[in-house]
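Note that the numbering runs from 1 along the sequence shown for the chain. All values derive from a computational prediction rather than experimental measurement.
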Amino acid sequence: MRHGSIPGARGRVRPLILLGDRVLRTPCAEVTDFGPELARLVEDMFATMYAAQGVGLAANQIGESLRVFVYDCPDDEEVRHLGHVVNPRLVEADGVVLRGPEGCLSLPGLEAGTERYDHAVVEGCTADGEPVRVHGTGWFARCLQHECDHLDGGLYVDRLSGRRHRRVMRQAARAPWSR
């Protein structure tokens with residue numbers, strides 16, 4: 001992605017993959033080709049995330065089983081964090097565990113109080129192959145952990161238990177988009 005360009009401006013909006021599709025439950029493959037197709041994927045992911053009014057999007061949420069995610073997410077101090085990570089590794093998740101509202105573009109219209117650490121660090125690289133280390137606190141730390149879960153085949157509902165889990169799964173079963 002060229003510096004100075006608006007992320008997603010040249011991308012196309014792709015259909016979102018919804019709960020029930022096997023690709024969301026399959027761990028994603030490492031990216032090995034850092035060519036123009038990867039740059040196009042990142043552009044498409046930004047375009048799709050913005051069209052869906054999300055703050056983060058993993059590649060498998062648009063049907064690409066690759067370890068890539070994009071984000072445009074504020075932290076708790078309203079500082080905007082914008083970027084993407086290829087082959088991310090969650091290297092730190094620590095601090096205080098907070099329960100906060102969490103939703104997902106693959107479960108549209110649903111959310112549940114989900115426990116996450118308030119600090120996270122992700123390491124990986126850019127679509128150009130340059131190393132990147134992303135630090136997040138508060139809401140942005142939640143976003144980083146959420147997107148890393150996606151790439152491992154996980155969803156936020158997997159972190160719920162008891163009544164909260166049953167409630168969101170009942171809502172998902174009744175949702176108009178449910179299979």
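For the pair V55/F140, no side-chain contact is recorded, criterion being any heavy-atom separation below 4.5 Å from C-beta on. Within the 4.5 Å cutoff, side-chain heavy atoms of R164 are placed close to those of R99. The closest side-chain heavy-atom distance from V134 to Y71 is below 4.5 Å. Residues V31 and L38 are in side-chain contact: their nearest non-hydrogen atoms beyond the backbone lie under 4.5 Å apart. Counting heavy atoms from C-beta on, the side chains of L107 and L18 never come closer than 4.5 Å. Between V168 and Y156 there is a side-chain heavy-atom pair separated by less than 4.5 Å. Annotation: side chain of V97 is not in contact with side chain of R116 (no heavy-atom distance under 4.5 Å). Considering only heavy atoms from C-beta on, L98 stays 4.5 Å or farther from E115 through its side chain.
Each of N87, V86, L151 was evaluated against E30; a single residue qualifies, N87, per the side chain to side chain contact (heavy atoms under 4.5 Å, CB included) test.
Taking hydrophobic clusters as Ile, Leu, Val, Met, Phe, Trp and Tyr residues chained together by side-chain heavy-atom distances below 4.5 Å, V42 shares a cluster with L66. Note on V70 and Y50: same hydrophobic cluster, where clusters join Ile, Leu, Val, Met, Phe, Trp and Tyr whose side-chain heavy atoms are under 4.5 Å apart, directly or indirectly. Residues L155 and M169 share a hydrophobic cluster, clusters being chains of Ile/Leu/Val/Met/Phe/Trp/Tyr side chains in contact below 4.5 Å.
To the nearest 0.5 Å, atoms CD1 (I62) and CG (L41) are separated by 5.0 Å. Here the straight-line distance linking atom SG of C28 with atom CG of N60 works out to 4.0 Å at 0.5 Å rounding. For the atom pair OG1 (T26) and CZ (R22), the distance works out to 7.0 Å, reported to the nearest 0.5 Å. Here the SG atom belonging to C104 is positioned 4.5 Å from the CD atom belonging to Q61, to the nearest 0.5 angstrom. Residue L144 holds its CG atom at 10.5 Å from NE2 of H135, rounded to the nearest 0.5 Å. Going from atom CD of E102 over to atom CD of Q145 covers 8.5 Å, rounded to the nearest 0.5 Å.
The two residues W177 and P108 have their closest heavy-atom pair at NE1-O, 2.9 Å. Taking each heavy atom of I17 and G63 in turn, the nearest pair found is CG1-N, 3.3 Å. Heavy-atom minimum distance, M45 versus A59: CE-N, 3.3 Å. In terms of heavy atoms, L57 sits closest to L16 at CD1-CD2, 3.8 Å. Nearest approach of D118 to D94, heavy atoms of both residues: OD1-O, 3.5 Å. When every heavy atom of G100 is checked against every heavy atom of R142, the shortest pair comes out as N-NH2, 3.1 Å.
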* Apply the test salt bridge (charged side-chain N to carboxylate O under 4.0 Å, His left out) to residues D158 and R25: give CA-CA distance (whole Å), side-chain angles for both, the deciding distance (0.1 Å), then the verdict. => CA-CA 11 Å; D158 303 335; R25 294 310 200 160; 2.6 Å; yes

* Apply side-chain hydrogen bond (donor to acceptor under 3.5 Å, both in side chains) to the pair D75 and H81, showing each step before the final yes or no. => CA-CA 7 Å; D75 60 25; H81 299 269; 3.0 Å; yes

* In sequence, state the C-alpha distance, the side-chain angles, and the governing distance for R67 and E147, and then conclude on salt bridge (charged side-chain N to carboxylate O under 4.0 Å, His left out). => CA-CA 10 Å; R67 295 190 68 78; E147 300 311 327; over 6 Å; no

* Before giving the answer on side chain to side chain contact (heavy atoms under 4.5 Å, CB included), spell out for V91 and V122 the whole-Å C-alpha distance, their side-chain angles and the decisive distance to 0.1 Å. => CA-CA 6 Å; V91 295; V122 171; over 6 Å; no

* Decide side chain to side chain contact (heavy atoms under 4.5 Å, CB included) for S106 and L19; before the verdict, give the C-alpha distance in whole Å, the side-chain angles of both, and the deciding distance to 0.1 Å. => CA-CA 6 Å; S106 292; L19 178 69; 5.7 Å; no

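A search for side chain to side chain donor-acceptor pair (under 3.5 Å) contacts involving R159 returns D149, not counting sequence neighbours.
In this structure, H150 and H146 have perpendicular ring planes: the angle between them is above 60°, well past the 30° mark.
Under a 3.5 Å cut-off, the side chain of S178 and the backbone N or O of P176 do not form any donor-acceptor pair. Looking at D76, its side chain does come within 3.5 Å of a backbone N or O of W139 through a donor-acceptor pair. Of the possible donor and acceptor atoms, one in the side chain of T48 sits under 3.5 Å from a partner among the backbone N and O of D44. The backbone N or O of E130 lies less than 3.5 Å from no partner atom in the side chain of D128, so there is not a single donor-acceptor pair. In this structure, the side chain of D152 does not engage the main chain of G154 through any donor-acceptor pair within 3.5 Å.
Atom CD of E37 has 12 or fewer neighbouring heavy atoms from other residues, nucleotides or ligands inside a 6.0 Å radius.
Ion pair R12/E43 not flagged as a salt bridge, since none of the NZ, NE, NH1 or NH2 atoms sits closer than 4.0 Å to an Asp/Glu carboxylate oxygen.
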